[in-house]
Peer 1: 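This is the structure I have questions about; it appears just below.
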Amino acid sequence: MRLSQLVGKRFKERPAEATLESHALLLRGGYARQVANGIYSLLPPGLRVIHKIERIVREEMDRIGGQEVLMPVVMPRELWEESGRYQGVGAELLRFKDRADHDMVLAMTHEEGVVHLCRNEISSYLQLPFMVYQLQTKFRDEPRSRGGLIRVREFTMKDAYSFHTSHQDLEHYYVECYRAYQRIFARAGIPEVVAVESDTGMMGGKVAHEFILLTEIGEDTIVTCDSCRYLANQEVAHGRIAGFREEANALDKVHTSGKKTIEEVAAFLGVPTSHTAKVVFYDKDNEGKLVVAVIRGDRDVNESKLSKIIQAQPVPATDAHIHAAGAEPGYASPMGLVADKVRIVVDHTVAAASNLVTGANEADYHYTNFNLERDLPGVTTVDIAAIADGDGCPQCEGKIVLQRGIEVGNIFQLGTKYSAAMKMQYADEEGKLQTPIMGCYGIGIGRMMSSVMEVRRDKFGPVWPISIAPWQVHINALKLGEDPVREVAESLYTSLQALGVEAIYDDRNQSPGVQFADADLLGVPFRIIVSPRNLDEKQLEWKRRDTGESGKLDLKGAAETIRGWVQEALTSFEAAALATIQM
Ligand SMILES: [Zn+2]
């Protein structure tokens, strides 16, 4: 590629709309341009990186027996009704009508598509297990897109789906896929990605892992331990929260006029917020009852944990519903509610504490000395607490440390949610019809590019790992007008191409400052500088973008020498990357 011809401007100023460094570099380096909120076009350098990531992904999917397919982005409503997701998924699923007035959707994942594709092709257990995958555009109408390609509405995803005759077989394959993911992230230059046990959310299923790149700019919170290798998503992490037990004092109703919040009441009564029981109302559980979540006043309810218990999405309740259950907002208590209208969910922290302050379900009054066992007998407590820094690790005596990360991939043991709903069946050895058990496995390709950019950069631009760099060699020709610079640079460029080396050649006769700033923004690992001074000594200058090393090489046989370096760098990069994987 000649830089004079490359489509896409590079520029110095940080764009005002860029929230993350990688977002700024994506725009400054001419990798991508925003078309609409969360919708981007890719320019050649960006697409070249994407293609290389896709190649690694394909190789690793093929290695574990994947078969590449391609399913459409536009799908009829009927398929999504079969799975129940046409109604079940909210506004992030884009619904529209075609000219014949048929309801259509833009696929945001392809479970429906893949079951539709495979249910007519598979009839016998002899055809199982198998895995199909695709690299395809998806659309998810995110309310908050951000950070360049980190969170977008239209994106390319690698999604894979496996089908099995037994759970055991799925679990075995799940591990293979897990390892394939480790290889993918390592080969793409982010070996520090960790696998975290996660919530299965709207996908359904039982076991799931998210692959997280730990970085401060991430929007996911990851639970880690300061002493062991414990890792979990906030939604599934169960930390140990220290309690306090003392002798129970008699319940006492106290006047707390106008003190509605936990902080106000605690300050008014002169107790720490940990000595209060907080009541949070949600509308409503799977039986339509008002959800009364009770937790120690210094802790917060984790709504993902709660949603699994109440089998519904927790939504803040209206005052009317709260009153109908006999409660008083601001002065609420789990005691004295209309029993058949409420579902009381009490966190372990309340049982592990004594003499708490709680409401009296009467305006301007609270109780002191609430003791769960005595005052609300027979309640089984559960874990609905949001985990916090300093909680006890569930696996050792260490302390929880919360870290930020970007989710770059995920794997799910789906089970039969989609295959059963969409009536996919095969005949087993006895000829009996069975439903295949599924796994699904996703990687966001664009997000992965942005993630690498976020953690592999310096203040001048991205420092691409050689495995996914847009080009391998960047030729800078200084003083192109002076003989024989142009001739040498042109000849080197042509020879490298002939040898199969991916080269970008700055043929613009710009100042070294302009050329090097652009080279930094393109982040190519090897830089070769052709200048009159070095040519006098029949030499070229070289510089590594990643290591900062530099030196000279003989002009004679330069293209072959450089090809050797590139090949050696590719091989050693991959070996080093794979060596970092912890099994
Ligand atoms: Zn630990």
Side-chain angles (χ1 to χ4, degrees), residues 171 174-186 190-201 205-245 272-274 278 293 295-309 345-353 380-413 451 454-455 577-583:
E171 279 161 25
Y174 188 82
V175 173
E176 278 194 53
C177 215
Y178 183 107
R179 299 214 168 113
Y181 270 42
Q182 289 181 307
R183 293 175 60 90
I184 288 169
F185 298 122
I190 40 175
E192 60 268 62
V193 168
V194 295
V196 177
E197 191 193 335
S198 65
D199 187 28
T200 51
K206 293 224 150 43
V207 177
H209 285 84
E210 285 170 354
F211 287 79
I212 304 277
L213 178 62
L214 295 174
T215 156
E216 278 173 19
I217 60 100
E219 54 190 9
D220 290 310
T221 302
I222 309 308
V223 180
T224 66
C225 170
D226 67 359
S227 311
C228 75
R229 283 178 51 187
Y230 179 70
L231 277 170
N233 185 299
Q234 240 183 337
E235 291 150 10
V236 297
H238 298 282
R240 284 180 290 105
I241 303 173
F244 53 91
R245 296 298 292 263
T273 54
S274 56
K278 173 158 72 182
I295 191 165
R296 215 172 69 192
D298 60 329
R299 308 298 303 215
D300 289 316
V301 173
N302 179 314
E303 293 180 357
S304 298
K305 288 181 182 175
L306 182 65
S307 74
K308 276 189 222 161
I309 291 162
V345 183
V346 184
D347 185 68
H348 294 317
T349 50
V350 178
T380 313
T381 59
V382 290
D383 176 17
I384 51 168
I387 199 160
D389 266 315
D391 284 352
C393 169
Q395 287 183 358
C396 80
E397 293 304 307
K399 293 225 175 315
I400 291 300
V401 180
L402 298 182
Q403 294 196 56
R404 312 287 292 168
I406 302 173
E407 180 189 342
V408 286
N410 51 49
I411 56 178
F412 291 87
Q413 292 185 17
S451 300
E454 192 59 45
V455 295
L578 293 178
T580 62
I581 296 176
Q582 293 164 328
M583 287 294 167

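One-based numbering, in listed order, for ligands and for the atoms of each. We count residues from 1, following the sequence as given.
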Peer 1: With sequence neighbours excluded, what pairs up with V175 under the side-chain contact (heavy atoms from CB on, under 4.5 Å) test?
Peer 2: R179

Peer 1: With sequence neighbours excluded, what pairs up with D300 under the salt bridge (Lys or Arg N to Asp or Glu O under 4.0 Å) test?
Peer 2: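 With neighbours one apart ignored, the set is K278.
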
Peer 1: Between R240 (side chain) and C396 (backbone), is there a donor-acceptor pair under 3.5 Å?
Peer 2: yes

Peer 1: Under the side chain to side chain donor-acceptor pair (under 3.5 Å) rule, collect the residues that match up with T221, sequence neighbours excluded.
Peer 2: R404

Peer 1: Name the one of Q413, E171, E197 that satisfies side chain to side chain contact (heavy atoms under 4.5 Å, CB included) with V207?
Peer 2: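 In the set Q413, E171, E197, the residue that makes a side chain to side chain contact (heavy atoms under 4.5 Å, CB included) with V207 is Q413.
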
Peer 1: Within the side chain of R296, is there an N or O that forms a donor-acceptor pair under 3.5 Å with the backbone of T273?
Peer 2: no

Peer 1: Mind listing the protein N/O/S atoms less than 2.8 Å away from the Zn ion (ligand 1)? Waters don't count.
Peer 2: C225 SG, C228 SG, C393 SG, C396 SG

